[in-house]
Amino acid sequence: MNHIPTRIKEVLNVYFDLFESKLPHLLESYYLYGSTSLGEYYEGQSDIDFIAVMKREMNEAEIHILKEIHHEMQKGFPHSILDGLYLLKDDLETVSKTTNLCPYFNDGKLQGFKKFDHNSIDAFQLKKYGITVKGEKIENVNFDVNWDVLIENMRMNLNTYWRGWTNDCKKFLTLKYIGIFFNLGMIEWGVLGVSRLFYTFREKDITTKVGAGEYALRTVPQKWHKIINESMRLRKGNKKSFYKSIFERRKEALAYMEFIIQECNHLFVENKRD
């Protein structure tokens, strides 16, 4: 765990001790992905994304204990939230309609049950950049990611979630319309979120939010550089804004997102031709 940030090591040490005391001999392997594995973990902004492989399926009582573990971790480390999926090795390695629905935690709470999506960007990150914390090395786990399916899913996400998010920010006096003036996290989320998609469509890979911003600065017209730099300074927690007007910032953020959504759709079509 030498390449894992010190804060995450502290969180995981407490978590594993707690897990073993309450659910002994049940955890087989544990992997990190997301911002941690990509080298861009910011405490208070980044979640700790994980995949946990269990030795057997958990019963209802054990899932209740699992909820207690996450609740305790949330109280002890409110700025270092563990987000992830608890599954079996077969769920990870086998693509099947009978694959188990697995407990999924987000924001410190059980959010429900879902299958491990082998063709998701999460699976791609896990396969290519995942960090083995416990158990079998991730590179030895036998699962593949279908890039064509993944990129089609990303295009759908682009034209549903992200286009809808942008349009909601334009609807007069809605929560998002007001929020994008004053909620700085929305500026960062929107601008760097679509920039990450742009990077993936162009490079067939994944990068961090700041990495996507830096890439965009090298590849998009200069007229967009100000809003990109503003979003990156928000991500990094720098205090001095590039804007004097929140109206100008909102306008440029939404215009940039529209531009990137169009660019990504063009790239998808071009890649299909190739």
- [ ] Test side chain to side chain contact (heavy atoms under 4.5 Å, CB included) on Ile138 and Phe143 and set out the steps.
- [x] CA-CA 10 Å; Ile138 189 61; Phe143 74 96; 4.1 Å; yes
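For the residue pair Glu68 / His64, a side-chain donor-acceptor distance below 3.5 Å is found, with atom types taken as modelled. Asn265 and Asn159 are linked by a side-chain donor-acceptor pair at a separation below 3.5 angstrom, with hydrogens and angles left out of the test. Judged by distance alone, the side chains of Tyr199 and Thr208 never bring a donor and an acceptor atom under 3.5 Å apart. A side-chain donor from one of Tyr215 and Arg202 sits under 3.5 Å from a side-chain acceptor of the other. Counting only N and O atoms by type, the side chains of Thr160 and Arg155 include no donor and acceptor under 3.5 Å apart. Side chain to side chain, Tyr129 and Asp205 meet the donor-acceptor criterion of an N or O pair below 3.5 Å.
Applying the salt bridge (Lys or Arg N to Asp or Glu O under 4.0 Å) criterion to Asp168, with sequence neighbours excluded, gives Lys171.
Ring planes of Tyr86 and Phe19: parallel class, angle under 30° (limits at 30 and 60°). In this structure, Phe172 and Tyr177 have perpendicular ring planes: the angle between them is above 60°, well past the 30° mark. Ring pair Tyr256/Phe259 is tilted by interplanar angle, where 30° to 60° counts as tilted.
With ring centers used as reference points, His118 lies under 6.0 Å from Phe116. Aromatic pair Phe181/Phe247: ring centres closer than 6.0 Å.
Sorted by first and then second residue, the salt bridge (charged side-chain N to carboxylate O under 4.0 Å, His left out) pairs with a member in residues 48-59 read Arg56-Glu62; sequence neighbours excluded. Residue pairs meeting the side-chain hydrogen bond (donor to acceptor under 3.5 Å, both in side chains) criterion with at least one member in residues 133-151, sequence neighbours excluded, are Lys89-Glu136.
Using a 4.5 Å heavy-atom threshold, the side chains of Cys102 and Tyr104 count as separate.
In this structure, Glu152 CD and Phe268 CZ are separated by 4.0 Å, a value rounded to the nearest 0.5 Å.
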